[in-house]
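This report refers to the structure that appears directly beneath it.
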Amino acid sequence: MGIKDLLKFMKPYIVPIHINKYSGKRVGVDAFSWLHKGAYSCSMELALNTKGEKGRRYLQYCMHHINLLRHNGITPVVVFDGGSIPCKSNTASERRRRRNANHALAKEKLDQGNVNAAIELFQKAVHITPEMAHQLIQILKTENIEFVVAPYEADSQLAYLSTLEPDQGGISAVITEDSDLMAYGCQAIIFKMDRYGNAQEILMDNVFNSLSDGPSFKHFDIELFTGMCVMAGCDFLPSIPDIGIKRAHSLVSKYRNLDSVLSILKIRKEKQMPDDYVKSFKKAIAVFRHALIYDPGKKTLKNMKPLPDSILQSLDGDLDILGPDLPTSIAISIAEGCMNPITKEVFDSKAHDQLHTSITVRKASTIHIRRQQDSQTPYRNEIGTSIFSIGEMSEEKIKAEPEALEKYSNESIALRKLLLPMKSYKAEKKAEDKVLDFPDNNPFKKRKLVNSDAETAVVVARTVTEQTISEVTNVESGKSKKKESVDSLPLLFTEKNLKASIETKSKMSGSKSKSKSKVMTTKKGSITSFFMRKTAS
DNA sequence: GCCCAGAGCTCGT
DNA sequence: GCTCTGGGC
Ligand SMILES: [Mg+2]
């Protein structure tokens, strides 16, 4: 969705250029734009997962555009989307629903022998998978082209990179199709680049100088501009009825202060404004200013801009809306293209060897939460993932005291198996016949069984070796369930509308952590437990 | 004039 | 993701 009507509104500031203007510069690329356009050249092959060269035309499309940049003396920095942040609007799931419907229709037409009709429908089912991104990354690696997979939105990652100096890994401009880049405060943005390098550019310096015709931003700064964007309607918050880009701009121009505008709106639109609008507004602003991004220099996650205490308060301590934090090793593996940013599975065993060393001493426990759909709240958590760290060892320490690694080895083995793709589980199953280390009930598969419109939700907690989940309490009834030892028994909650507090205790480090989650179960309760046998003999 | 909802389109022969 | 269109006020 981007910012509603923003591109049209900013048209007076958009000028045609040729990308050779950026010769000698580093320029960021929103990979999604090109992957998505390229996918139209082979929609059927992608949908049917056809083997062969035709199904890779989207890669040719991307590489053509990337090579065009290189031919013009530009150093491309390709940025991929990672996971989705919790508070994004449900238009994404709406789109997915339409795509799936079109995919099914396309297959019917194909069975009837109507290939042209099928292709038309397959095109309406086009979508980008992490695997497709991974395929492009493989090429970028061999071609020595810089890239990074953002922990969450590519937009914020690109905006962050454009704040850095070129010698610090920064970029001079961003190529994208998404107006959100303006709201994120990106200085130079290039839209609609065609196959010859013709494009349209906007420079935010020109916007704030407001020398050309069009809406004036003379008294705006980037904070006010972002406020205008949120007010006009963005992915994180729908606008108040009858407030569009024009009125948002007028209000911000007049009062030059976001709190003042919000007060005025509260009075003027008291019936139309949701009770929590101001709170949601501040949260949306916080995402545009402080989203969680990957710092390629330090190889760690951080906020796009440092998080002041004042913002922390307006978030109610809910930092997850900026993107849930991830262990550093996971973030690195994702950023370097070794790990699926959504499922957290490694892409292949070869990539697994390239994983950061400290990953071997981490424990992963993922909790998938699908909250009850609640029309009153604009924020909806679809899936949340938590990965708990139980300890870290530097490469130096491992070399100095290899025996120290021993105590982690069980976990290491378990974690490797956890992270390996499903193929490997199946291989083990065959090799060991009926004796299974891992039953064939991958929670990631189960997640797909959960309907996107299901009113209820699944929580699957997976434990690896030493983790214990000591107690699950039903807050409403006060009843609690205790688990003496769950070394090999993760929990599955099948009660309906369970509101539970979960205490997690690490045997290895002795540290305890508590977490509370709203827990709901599947409608049909058809999910079975996931077991992981202790690997210690 | 402005907002909104809906429908069509992104490749390439 | 964007753009165009037509209808509402
Ligand atoms: Mg966006």
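All values reported here derive from a predicted model rather than from experimental measurement. First the proteins, then the strands, lettered A, B, ... as listed; each starts at 1.
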Checklist entry - Separation of A:Met1 atom CE from B:dG6 atom P, in whole Å? => result 14 Å
Checklist entry - For A:Asn209, which residues count as a side-chain hydrogen bond (donor to acceptor under 3.5 Å, both in side chains) partner, sequence neighbours excluded? => result none
Checklist entry - Is the shortest side-chain N to carboxylate O distance from A:Asp276 to A:Lys283 below 4.0 Å? => result no
Checklist entry - How long is the line joining CD1 of A:Ile3 and C1' of C:dT3, in whole Å? => result 17 Å
Polar atoms only, N or O, under 3.5 Å: list the protein pairs with nucleotides 7-9 of chain C and their distances.
none

Item to check | Whole angstrom value for the distance that separates C1' of B:dG1 from NE2 of A:His249 | outcome: 15 Å
Checklist entry - Which part of the nucleic acid, if any, lies within contact of A:Thr176, taking any heavy atom under 4.0 Å across all strands shown: a base, the sugar-phosphate backbone alone, or nothing? => result nothing
Checklist entry - Can you list every salt bridge (Lys or Arg N to Asp or Glu O under 4.0 Å) pair that touches residues 164-176 of chain A, not counting sequence neighbours? => result none
Next on the checklist: Just to be sure I understand the rule, does A:Lys124 reach a base, reach only the sugar-phosphate, or reach nothing, if contact means heavy atoms closer than 4.0 Å?
Outcome noted: nothing
Checklist entry - To the nearest Å, how far apart are A:Arg99 CZ and C:dG1 C1'? => result 12 Å
Between the protein and nucleotides 10-13 of chain B, are there any N/O to N/O pairs under 3.5 Å, and if so, what are the atom names and distances?
residue : atom : partner  : partner atom : Å
B:dT10  : O4   : A:Tyr40  : OH           : 3.0
B:dC11  : OP1  : A:Tyr61  : OH           : 3.4
B:dC11  : O4'  : A:Lys37  : O            : 3.4
B:dC11  : O2   : A:Tyr40  : O            : 3.2
B:dC11  : N3   : A:Gln123 : NE2          : 3.2
B:dC11  : N4   : A:Gln123 : OE1          : 3.4
B:dC11  : N4   : A:Gln123 : NE2          : 3.4

Checklist entry - Do the side-chain N or O atoms of A:Lys88 get closer than 4.0 angstrom to the phosphate oxygens (OP1, OP2) of C:dG1? => result yes
Considering only nitrogen or oxygen atoms on both sides, find all protein atoms under 3.5 Å from nucleotides 2-4 of chain B and state each distance.
residue : atom : partner  : partner atom : Å
B:dC3   : OP1  : A:Gly244 : N            : 2.9
B:dC3   : OP1  : A:Gly244 : O            : 3.3
B:dC3   : OP1  : A:Arg247 : N            : 3.0
B:dC3   : OP2  : A:Lys246 : N            : 3.4
B:dC4   : OP1  : A:Asp242 : N            : 2.5

Contacts under 3.5 angstrom, residues 110-117 of chain A side chains, donor-acceptor by atom type, not counting sequence neighbours:
residue  : atom : partner  : partner atom : Å
A:Asn114 : OD1  : A:Ala117 : N            : 3.3

Next on the checklist: Within the 4.0 Å heavy-atom criterion, would you say A:Asp235 contacts the bases, only the backbone, or no part of the nucleic acid?
Outcome noted: sugar-phosphate
Report all side-chain donor-acceptor pairs from residues 51-61 of chain A shorter than 3.5 Å, counting only partners two or more places apart or in another chain.
residue : atom : partner  : partner atom : Å
A:Arg56 : NH1  : A:Gln135 : OE1          : 3.0
A:Arg57 : NH1  : A:Ser41  : O            : 3.3

Next on the checklist: According to ring-ring contact (aromatic ring centres under 6.0 Å, His included), who are the partners of A:Phe32, at least two apart in sequence or on a separate chain?
Outcome noted: A:His36
Checklist entry - So, are A:Lys299 and A:Glu336 salt-bridged, with charged N and O less than 4.0 Å apart? => result yes
Item to check | Interatomic distance, A:Glu177 CD vs B:dC9 C1' [rounded to whole Å] | outcome: 12 Å
Checklist outcome for this item: Residue set satisfying salt bridge (Lys or Arg N to Asp or Glu O under 4.0 Å) with A:Lys37, at least two apart, ordered chain then number -> A:Glu177
Could you list the donor-acceptor pairs under 3.5 angstrom formed by side chains in residues 179-196 of chain A, with sequence neighbours left out?
residue  : atom : partner  : partner atom : Å
A:Ser179 : OG   : A:Ile3   : N            : 3.0
A:Asp194 : OD1  : A:Tyr196 : N            : 2.8
A:Asp194 : OD1  : A:Gly197 : N            : 3.0
A:Asp194 : OD1  : A:Asn198 : N            : 2.9
A:Asp194 : OD2  : A:Asn198 : ND2          : 3.3

Checklist entry - In whole Å, what is the span from the CZ atom of A:Arg96 to the P atom of C:dG1? => result 14 Å
Checklist entry - Would A:Glu143 and A:Arg70 count as a salt bridge (charged side-chain N to carboxylate O under 4.0 Å, His left out) if you check the C-alpha gap in whole Å, the side-chain angles of each, and the deciding distance to 0.1 Å? => result CA-CA 11 Å; A:Glu143 297 264 325; A:Arg70 293 203 289 185; 2.6 Å; yes
Next on the checklist: From CG of A:Asp178 over to C1' of C:dT3, roughly how many Å is that when rounded to an integer?
Outcome noted: 15 Å
Checklist entry - When the distance from CZ of A:Arg95 to P of B:dG6 is rounded to whole Å, what number comes out? => result 15 Å
Item to check | Set of residues satisfying side-chain hydrogen bond (donor to acceptor under 3.5 Å, both in side chains) with respect to A:Asp242, sequence neighbours excluded | outcome: none
Item to check | Where at least one partner belongs to residues 16-35 of chain A, residue pairs that pass salt bridge (Lys or Arg N to Asp or Glu O under 4.0 Å), sequence neighbours excluded | outcome: A:Lys21-A:Glu201, A:Arg26-A:Glu146
